[in-house]
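None of these values were measured; they are calculated from a predicted model. Values below: every heavy atom of this structure, side chains too, minus hydrogens, waters and symmetry copies. Protein chains get the first letters and strands the later ones, always in sequence-line order, with residue 1 at the start of each.
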Number of protein chains: 2
Amino acid sequence: MVVLALNFRDGPTSIREIAQREKISPQYLEQIFLDLRKAELVSSVRGARGGYKLARSPSEIKIGDVVRALEGPIAPMECVAEGSEASCCERTQECLTRGVWEKLRDRMNEVLDDITLEDMISSRNINN
Amino acid sequence: MVVLALNFRDGPTSIREIAQREKISPQYLEQIFLDLRKAELVSSVRGARGGYKLARSPSEIKIGDVVRALEGPIAPMECVAEGSEASCCERTQECLTRGVWEKLRDRMNEVLDDITLEDMISSRNINN
DNA sequence: TTTATATCAGAGTAAATTACTCAGATATTT
DNA sequence: AAATATCTGAGTAATTTACTCTGATATAAA
(Lines give C-alpha, C1' and ligand atoms only; values in the text may rest on other atoms or scores of the structure.)
Protein backbone atom coordinates (compact mmCIF):
# COMPACT_ATOMS: atom_id res chain seq x y z
CA MET A 1 0.00 0.00 0.00
CA VAL A 2 2.94 2.30 0.63
CA VAL A 3 4.23 1.54 -2.84
CA LEU A 4 0.79 2.31 -4.32
CA ALA A 5 0.77 5.55 -2.34
CA LEU A 6 4.13 6.52 -3.81
CA ASN A 7 2.78 5.76 -7.32
CA PHE A 8 -0.57 7.42 -6.65
CA ARG A 9 -0.29 10.02 -9.43
CA ASP A 10 0.69 7.44 -12.04
CA GLY A 11 -1.32 4.63 -13.60
CA PRO A 12 -1.95 1.28 -11.92
CA THR A 13 0.99 -0.65 -10.52
CA SER A 14 1.25 -4.36 -11.28
CA ILE A 15 1.70 -7.05 -8.69
CA ARG A 16 4.86 -8.09 -10.47
CA GLU A 17 6.44 -4.70 -9.94
CA ILE A 18 5.59 -4.56 -6.25
CA ALA A 19 6.66 -8.16 -5.75
CA GLN A 20 10.11 -7.45 -7.17
CA ARG A 21 10.56 -4.24 -5.23
CA GLU A 22 9.44 -5.65 -1.90
CA LYS A 23 10.72 -9.20 -2.39
CA ILE A 24 7.36 -10.86 -1.81
CA SER A 25 6.09 -13.68 -4.00
CA PRO A 26 3.63 -12.45 -6.66
CA GLN A 27 1.18 -15.20 -5.79
CA TYR A 28 1.01 -14.19 -2.16
CA LEU A 29 0.69 -10.51 -3.05
CA GLU A 30 -2.16 -11.42 -5.36
CA GLN A 31 -4.09 -12.89 -2.48
CA ILE A 32 -3.44 -9.88 -0.32
CA PHE A 33 -4.67 -7.47 -2.97
CA LEU A 34 -7.83 -9.50 -3.37
CA ASP A 35 -8.68 -8.71 0.25
CA LEU A 36 -7.73 -5.05 -0.20
CA ARG A 37 -10.00 -4.81 -3.20
CA LYS A 38 -12.92 -6.40 -1.36
CA ALA A 39 -12.44 -3.77 1.33
CA GLU A 40 -12.50 -1.13 -1.42
CA LEU A 41 -9.11 0.26 -0.49
CA VAL A 42 -7.72 -0.39 -3.98
CA SER A 43 -9.25 -0.72 -7.41
CA SER A 44 -7.99 -3.05 -10.10
CA VAL A 45 -7.37 -2.72 -13.80
CA ARG A 46 -7.37 -6.07 -15.56
CA GLY A 47 -5.47 -7.12 -18.66
CA ALA A 48 -2.13 -6.05 -20.08
CA ARG A 49 -0.75 -2.86 -18.55
CA GLY A 50 -3.18 -3.35 -15.70
CA GLY A 51 -2.53 -3.48 -11.98
CA TYR A 52 -3.80 -1.90 -8.80
CA LYS A 53 -4.18 1.65 -7.59
CA LEU A 54 -5.42 3.22 -4.38
CA ALA A 55 -9.18 3.72 -4.33
CA ARG A 56 -8.69 7.15 -2.73
CA SER A 57 -5.84 9.48 -1.91
CA PRO A 58 -3.11 8.41 0.55
CA SER A 59 -4.29 11.01 3.06
CA GLU A 60 -7.70 9.37 3.15
CA ILE A 61 -6.49 5.85 3.88
CA LYS A 62 -5.75 5.04 7.50
CA ILE A 63 -3.36 2.26 8.48
CA GLY A 64 -6.17 0.89 10.62
CA ASP A 65 -8.26 0.45 7.47
CA VAL A 66 -5.50 -1.58 5.86
CA VAL A 67 -4.83 -3.76 8.89
CA ARG A 68 -8.52 -4.45 9.44
CA ALA A 69 -8.95 -5.35 5.77
CA LEU A 70 -6.11 -7.86 5.89
CA GLU A 71 -6.30 -9.24 9.42
CA GLY A 72 -9.82 -8.58 10.64
CA PRO A 73 -10.77 -6.57 13.72
CA ILE A 74 -7.85 -5.14 15.67
CA ALA A 75 -7.96 -6.57 19.19
CA PRO A 76 -5.59 -8.10 21.74
CA MET A 77 -8.06 -10.90 22.49
CA GLU A 78 -10.72 -12.60 20.39
CA CYS A 79 -13.37 -11.87 23.02
CA VAL A 80 -13.12 -8.09 22.62
CA ALA A 81 -12.97 -8.08 18.81
CA GLU A 82 -15.82 -5.99 17.40
CA GLY A 83 -18.29 -8.12 15.52
CA SER A 84 -17.33 -11.47 17.03
CA GLU A 85 -18.24 -10.76 20.64
CA ALA A 86 -20.79 -13.56 20.85
CA SER A 87 -18.55 -16.53 20.17
CA CYS A 88 -16.19 -16.01 23.09
CA CYS A 89 -16.46 -17.28 26.62
CA GLU A 90 -19.72 -17.17 28.54
CA ARG A 91 -18.31 -15.31 31.51
CA THR A 92 -18.42 -11.82 30.07
CA GLN A 93 -20.11 -10.31 33.11
CA GLU A 94 -17.84 -11.72 35.77
CA CYS A 95 -14.63 -11.40 33.74
CA LEU A 96 -12.28 -9.09 35.62
CA THR A 97 -9.78 -8.72 32.80
CA ARG A 98 -12.17 -7.77 30.02
CA GLY A 99 -11.98 -4.07 30.84
CA VAL A 100 -8.23 -4.11 30.33
CA TRP A 101 -8.48 -5.73 26.92
CA GLU A 102 -11.18 -3.30 25.84
CA LYS A 103 -9.05 -0.33 26.78
CA LEU A 104 -6.06 -1.81 24.99
CA ARG A 105 -8.17 -2.56 21.93
CA ASP A 106 -9.41 1.04 21.78
CA ARG A 107 -5.90 2.49 22.08
CA MET A 108 -4.58 0.17 19.38
CA ASN A 109 -7.30 1.29 17.00
CA GLU A 110 -6.65 4.92 17.89
CA VAL A 111 -2.96 4.66 17.07
CA LEU A 112 -3.53 2.94 13.74
CA ASP A 113 -6.41 5.21 12.75
CA ASP A 114 -4.30 8.25 13.50
CA ILE A 115 -1.71 7.41 10.82
CA THR A 116 -2.47 7.62 7.11
CA LEU A 117 -0.54 6.37 4.10
CA GLU A 118 0.25 10.02 3.43
CA ASP A 119 1.96 10.24 6.84
CA MET A 120 4.00 7.16 6.05
CA ILE A 121 5.37 8.39 2.74
CA SER A 122 6.22 11.87 4.00
CA SER A 123 9.38 10.94 5.86
CA ARG A 124 9.00 13.80 8.28
CA ASN A 125 6.32 11.89 10.12
CA ILE A 126 8.04 8.53 10.18
CA ASN A 127 10.68 9.25 12.79
CA ASN A 128 8.67 10.14 15.84
CA MET B 1 -3.32 -12.84 39.52
CA VAL B 2 -6.54 -11.00 40.23
CA VAL B 3 -7.58 -13.80 42.59
CA LEU B 4 -4.22 -13.59 44.36
CA ALA B 5 -4.66 -9.84 44.62
CA LEU B 6 -8.06 -10.33 46.25
CA ASN B 7 -6.48 -12.78 48.72
CA PHE B 8 -3.38 -10.65 49.26
CA ARG B 9 -3.89 -10.16 53.01
CA ASP B 10 -4.43 -13.88 53.62
CA GLY B 11 -2.02 -16.81 53.36
CA PRO B 12 -1.05 -18.48 50.08
CA THR B 13 -3.81 -19.58 47.70
CA SER B 14 -3.58 -23.06 46.19
CA ILE B 15 -3.78 -23.79 42.53
CA ARG B 16 -6.71 -26.06 43.26
CA GLU B 17 -8.71 -23.20 44.72
CA ILE B 18 -8.03 -20.85 41.81
CA ALA B 19 -8.68 -23.60 39.29
CA GLN B 20 -12.12 -24.27 40.73
CA ARG B 21 -13.06 -20.63 40.98
CA GLU B 22 -11.90 -19.71 37.47
CA LYS B 23 -12.71 -23.01 35.78
CA ILE B 24 -9.21 -23.61 34.47
CA SER B 25 -7.50 -27.01 34.70
CA PRO B 26 -5.12 -27.23 37.68
CA GLN B 27 -2.38 -28.62 35.47
CA TYR B 28 -2.50 -25.70 33.11
CA LEU B 29 -2.60 -23.21 35.95
CA GLU B 30 0.43 -24.89 37.41
CA GLN B 31 2.40 -24.19 34.28
CA ILE B 32 1.28 -20.60 34.22
CA PHE B 33 2.32 -20.02 37.82
CA LEU B 34 5.73 -21.49 37.10
CA ASP B 35 6.33 -18.65 34.62
CA LEU B 36 4.96 -16.09 37.05
CA ARG B 37 7.30 -17.34 39.73
CA LYS B 38 10.31 -17.21 37.42
CA ALA B 39 9.41 -13.60 36.74
CA GLU B 40 9.25 -13.05 40.51
CA LEU B 41 5.69 -11.81 40.42
CA VAL B 42 4.54 -14.51 42.83
CA SER B 43 6.22 -16.57 45.50
CA SER B 44 5.35 -20.16 46.30
CA VAL B 45 4.87 -22.11 49.49
CA ARG B 46 5.36 -25.83 49.03
CA GLY B 47 3.74 -28.69 50.89
CA ALA B 48 0.39 -29.07 52.57
CA ARG B 49 -1.47 -25.77 53.07
CA GLY B 50 0.89 -24.23 50.53
CA GLY B 51 0.09 -22.28 47.39
CA TYR B 52 1.03 -19.02 45.76
CA LYS B 53 0.90 -15.38 46.83
CA LEU B 54 1.83 -12.12 45.17
CA ALA B 55 5.49 -11.24 45.54
CA ARG B 56 4.53 -7.60 46.21
CA SER B 57 1.38 -5.58 46.78
CA PRO B 58 -1.29 -5.38 44.05
CA SER B 59 -0.55 -1.69 43.55
CA GLU B 60 3.03 -2.53 42.65
CA ILE B 61 2.23 -5.11 39.99
CA LYS B 62 1.46 -3.76 36.54
CA ILE B 63 -0.62 -5.72 34.04
CA GLY B 64 2.24 -5.26 31.61
CA ASP B 65 4.50 -7.17 33.99
CA VAL B 66 2.07 -10.08 34.04
CA VAL B 67 1.56 -10.15 30.29
CA ARG B 68 5.28 -9.95 29.56
CA ALA B 69 5.97 -12.74 32.06
CA LEU B 70 3.44 -15.05 30.40
CA GLU B 71 3.67 -14.11 26.74
CA GLY B 72 7.02 -12.44 26.27
CA PRO B 73 7.60 -8.93 24.94
CA ILE B 74 4.46 -7.00 24.07
CA ALA B 75 4.60 -6.10 20.38
CA PRO B 76 2.34 -6.14 17.32
CA MET B 77 5.11 -7.66 15.18
CA GLU B 78 8.03 -9.92 16.03
CA CYS B 79 10.48 -7.49 14.43
CA VAL B 80 9.78 -4.70 16.92
CA ALA B 81 9.78 -6.91 20.02
CA GLU B 82 12.38 -5.68 22.49
CA GLY B 83 15.18 -8.19 22.90
CA SER B 84 14.60 -10.11 19.68
CA GLU B 85 15.29 -7.34 17.20
CA ALA B 86 18.15 -9.15 15.52
CA SER B 87 16.33 -12.23 14.29
CA CYS B 88 13.80 -10.44 12.11
CA CYS B 89 14.06 -9.40 8.49
CA GLU B 90 17.19 -7.82 7.10
CA ARG B 91 15.47 -4.78 5.70
CA THR B 92 15.20 -2.76 8.90
CA GLN B 93 16.59 0.41 7.37
CA GLU B 94 14.41 0.53 4.30
CA CYS B 95 11.26 -0.76 6.01
CA LEU B 96 8.58 1.89 5.71
CA THR B 97 6.17 0.26 8.10
CA ARG B 98 8.51 -0.28 11.02
CA GLY B 99 7.83 3.16 12.49
CA VAL B 100 4.14 2.37 12.73
CA TRP B 101 4.72 -0.88 14.59
CA GLU B 102 7.14 0.78 16.99
CA LYS B 103 4.62 3.46 17.85
CA LEU B 104 1.90 0.86 18.33
CA ARG B 105 4.21 -1.25 20.49
CA ASP B 106 5.00 1.72 22.73
CA ARG B 107 1.34 2.62 23.19
CA MET B 108 0.41 -0.96 24.00
CA ASN B 109 3.07 -1.11 26.68
CA GLU B 110 1.95 2.27 28.03
CA VAL B 111 -1.65 1.12 28.41
CA LEU B 112 -0.73 -2.13 30.16
CA ASP B 113 1.88 -0.51 32.38
CA ASP B 114 -0.62 2.12 33.45
CA ILE B 115 -2.98 -0.42 35.05
CA THR B 116 -2.10 -2.31 38.22
CA LEU B 117 -3.73 -5.27 39.88
CA GLU B 118 -4.94 -2.83 42.50
CA ASP B 119 -6.79 -0.90 39.78
CA MET B 120 -8.40 -4.08 38.58
CA ILE B 121 -9.77 -5.18 41.93
CA SER B 122 -11.08 -1.75 42.92
CA SER B 123 -14.19 -1.84 40.75
CA ARG B 124 -14.27 1.92 40.45
CA ASN B 125 -11.46 1.79 37.93
CA ILE B 126 -12.73 -1.10 35.86
CA ASN B 127 -15.52 0.65 34.02
CA ASN B 128 -13.78 3.39 32.13
C1' DT C 1 -7.74 -11.98 -34.37
C1' DT C 2 -4.11 -13.67 -31.82
C1' DT C 3 -0.96 -13.34 -28.12
C1' DA C 4 0.85 -11.66 -24.07
C1' DT C 5 -0.11 -9.68 -19.80
C1' DA C 6 -2.77 -9.05 -15.90
C1' DT C 7 -6.17 -9.88 -12.38
C1' DC C 8 -9.62 -13.27 -10.23
C1' DA C 9 -10.70 -17.29 -7.37
C1' DG C 10 -10.57 -21.37 -4.81
C1' DA C 11 -8.13 -25.12 -3.00
C1' DG C 12 -4.16 -27.07 -0.86
C1' DT C 13 -0.09 -27.41 2.46
C1' DA C 14 4.06 -27.37 5.63
C1' DA C 15 5.60 -25.27 9.70
C1' DA C 16 4.83 -22.93 13.81
C1' DT C 17 2.02 -21.74 17.65
C1' DT C 18 -1.39 -22.39 21.19
C1' DA C 19 -3.58 -24.36 24.77
C1' DC C 20 -3.49 -27.59 26.87
C1' DT C 21 -2.43 -32.95 29.34
C1' DC C 22 0.56 -36.50 31.59
C1' DA C 23 3.91 -38.61 34.56
C1' DG C 24 6.69 -38.38 38.14
C1' DA C 25 9.85 -35.97 41.47
C1' DT C 26 10.34 -32.98 45.57
C1' DA C 27 9.03 -30.38 49.66
C1' DT C 28 6.19 -29.50 53.87
C1' DT C 29 2.46 -30.00 57.18
C1' DT C 30 -0.42 -32.88 60.01
C1' DA D 1 4.02 -42.06 57.58
C1' DA D 2 0.48 -40.02 54.90
C1' DA D 3 -1.57 -36.31 52.67
C1' DT D 4 -1.10 -32.14 50.25
C1' DA D 5 1.22 -29.04 47.44
C1' DT D 6 4.48 -27.28 44.21
C1' DC D 7 8.18 -28.39 40.63
C1' DT D 8 9.74 -29.98 35.97
C1' DG D 9 10.01 -31.69 31.50
C1' DA D 10 7.93 -33.93 27.80
C1' DG D 11 4.11 -34.75 24.77
C1' DT D 12 0.01 -33.62 21.73
C1' DA D 13 -4.25 -32.21 19.05
C1' DA D 14 -6.18 -28.35 16.92
C1' DT D 15 -5.63 -24.06 14.96
C1' DT D 16 -3.35 -20.47 12.55
C1' DT D 17 -0.06 -18.55 9.44
C1' DA D 18 2.24 -17.80 5.47
C1' DC D 19 2.45 -19.17 1.89
C1' DT D 20 1.98 -22.19 -3.26
C1' DC D 21 -0.63 -24.23 -7.20
C1' DT D 22 -3.88 -24.47 -10.87
C1' DG D 23 -6.74 -22.65 -13.89
C1' DA D 24 -10.21 -19.17 -15.42
C1' DT D 25 -11.22 -14.48 -17.10
C1' DA D 26 -10.42 -9.84 -18.89
C1' DT D 27 -7.89 -6.40 -21.70
C1' DA D 28 -4.21 -4.10 -24.46
C1' DA D 29 -1.02 -4.41 -28.06
C1' DA D 30 0.78 -6.62 -32.17
- Item | Between C1' of D/dT17 and CD of B/E78, the distance in whole Å | 13 Å
- Interatomic distance where NZ belongs to B/K23 and C1' belongs to C/dC20 [whole Å]: 19 Å
- Item | A/L70 CG - D/dC19 C1' separation (whole Å) | 14 Å
- Hey, does B/Y52 reach any base, or is it just sugar-phosphate, or nothing, if we go heavy atoms under 4.0 Å? sugar-phosphate
- Assign each of B/R37 and B/G50 the nucleotide of DNA chain D bearing its closest heavy atom; nearer the 5' end lies the nucleotide of B/G50
- Message: Nearest 0.5 Å, please: how far is CG in B/L29 from CD1 in B/I18?
- Response: 6.0 Å
- Does any N or O in the side chain of B/S44 come within less than 3.5 Å of the main-chain N or O of B/R46, such that one atom is a donor and the other an acceptor? no
- Message: Which nucleotide wins on minimum distance to the side chain of B/Q27, given the candidates C/dT29, C/dT21, D/dA28?
- Response: C/dT21
- Message: Looking at A/R16, I'd like to know whether one of its side-chain N or O atoms comes within less than 4.0 Å of OP1 or OP2 on C/dA6.
- Response: yes
- Task: Grab the CG-C1' distance between B/L29 and C/dA19 for me, whole Å please.
- Result: 13 Å
- Look at the side-chain N and O atoms of A/S25 and state whether any lies under 4.0 Å from the OP1 or OP2 oxygen of D/dT20. yes
- Item | Closest to side chain of B/L34, choosing from C/dT29, D/dC7, D/dT27 | D/dC7
- Query: Rounded to the nearest Å, what distance is computed from the CG atom of residue A/L36 to the P atom of nucleotide C/dA9?
  - Reply: 14 Å
- Note on the structure: Rounded to whole Å, CD1 of A/I15 lies from C1' of C/dA4 at a distance of 17 Å
- Query: Looking only at side-chain N and O atoms, does A/S44 come under 4.0 Å of OP1 or OP2 in C/dC8?
  - Reply: yes
- Item | Neighbour count >12 (heavy atoms, 6.0 Å) for atom CD, A/E22 | yes
- Query: Between A/R56 and A/D65, is there a side-chain N and carboxylate O pair less than 4.0 Å apart?
  - Reply: yes
- Between B/E71 and A/T13, just flag the one whose closest nucleotide in DNA chain C comes earlier from the 5' side. A/T13
- Item | Interatomic distance where CG belongs to A/D35 and P belongs to D/dC19 [whole Å] | 14 Å
- Note on the structure: With the side chain defined as heavy atoms from C-beta on, B/R46 is closest, among D/dT20, D/dT6, C/dA19, to D/dT6
- C/dT21 P sits how many Å from B/I24 CD1, rounded? 11 Å
- Going by modelled atom types, is there a donor-acceptor pair between the base of D/dC7 and the side chain of B/E30 at under 3.5 Å? yes
- A/Y28 has its side chain closest, among D/dT6, C/dT21, D/dC19, to D/dC19
- Between B/E102 and B/R98, does at least one N-O distance fall below 4.0 Å, as a salt bridge requires? yes
- Query: Between D/dA5, C/dG10, C/dC8, which nucleotide has the shortest distance from any of its atoms to the side chain of A/Q31?
  - Reply: C/dG10
